[in-house]
Amino acid sequence: MGCSVGFVMGLAGVLILSHAAYSTSQYRGLLKITEDEFSGPPFSVVVELIVGLVLCMWAALTVPGNFLSIHPHSDENRMVSLPDNLDFMIFNHRGKVFVPEIDMKLKH
């Protein structure tokens with residue numbers, strides 16, 4: 001079972017983000033003991049958050065793979081259509097408020 005580099009980096013990013021959350025909660029607990037006011041997380045936690053975010057975003061862009069083109073006439077891209085059943089047709093919705101004004105002229 002081979003793990004891709006992107007998957008490993010994503011896992012590292014999640015671990016870094018969870019460590020930053022744990023460090024922040026520990027820091028707030030320390031501030032409660034010393035009766036200081038919380039003004040924000042330490043600089044090291046902010047750096048951990050930025051690094052974890054970058055690693056997670058990089059993994060999210062690389063792990064799923066390459067984008068493939070969509071061919072409209074391919075058998076694999078057939079759209080599943082609903083049957084012509086009146087149960088799926090909804091006529092009572094908010095769009096009826098915006099009825100377009102149509103100029104109806106009678107033909108003689």
Side-chain angles (χ1 to χ4, degrees):
M1 180 173 112
C3 292
S4 67
V5 175
F7 181 76
V8 173
M9 289 297 161
L11 187 63
V14 169
L15 290 175
I16 289 173
L17 287 175
S18 61
H19 182 266
Y22 180 74
S23 297
T24 303
S25 66
Q26 288 291 89
Y27 178 69
R28 288 193 67 163
L30 177 69
L31 289 179
K32 285 182 183 178
I33 292 172
T34 59
E35 297 178 354
D36 288 334
E37 191 171 315
F38 182 75
S39 61
F43 181 72
S44 62
V45 173
V46 173
V47 171
E48 283 184 24
L49 288 172
I50 292 171
V51 170
L53 176 69
V54 167
L55 289 177
C56 287
M57 289 186 66
W58 184 66
L61 293 174
T62 58
V63 168
N66 297 331
F67 291 109
L68 301 176
S69 62
I70 298 174
H71 303 290
H73 301 295
S74 175
D75 289 334
E76 297 173 358
N77 293 329
R78 294 241 171 139
M79 189 172 79
V80 178
S81 62
L82 295 174
D84 294 330
N85 190 348
L86 293 177
D87 291 340
F88 293 105
M89 295 183 185
I90 300 172
F91 296 104
N92 190 15
H93 53 80
R94 289 182 277 177
K96 68 182 178 183
V97 174
F98 303 110
V99 177
E101 294 179 14
I102 300 173
D103 294 328
M104 301 294 279
K105 295 183 180 179
L106 295 174
K107 293 183 181 180
H108 290 259

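Leu30 shares a hydrophobic cluster with no other residue; no ILVMFWY side chain has heavy atoms under 4.5 Å from its own.
Qualifying side-chain hydrogen bond (donor to acceptor under 3.5 Å, both in side chains) partners for Thr34, counting only residues two or more places apart in sequence or in other chains: Asp36.
By the rule that hydrophobic residues join a cluster once side-chain heavy atoms approach within less than 4.5 Å of another member, Leu31 and Tyr22 end up as members of separate clusters.
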Report, one line per pair, each donor and acceptor closer than 3.5 Å where one atom sits in a side chain of residues 46-61; sequence neighbours left out.
from  : atom 1 : to    : atom 2 : distance (Å)
Glu48 : OE1    : His19 : ND1    : 2.9
Glu48 : OE1    : Ala20 : N      : 3.3
Glu48 : OE2    : His19 : ND1    : 3.3

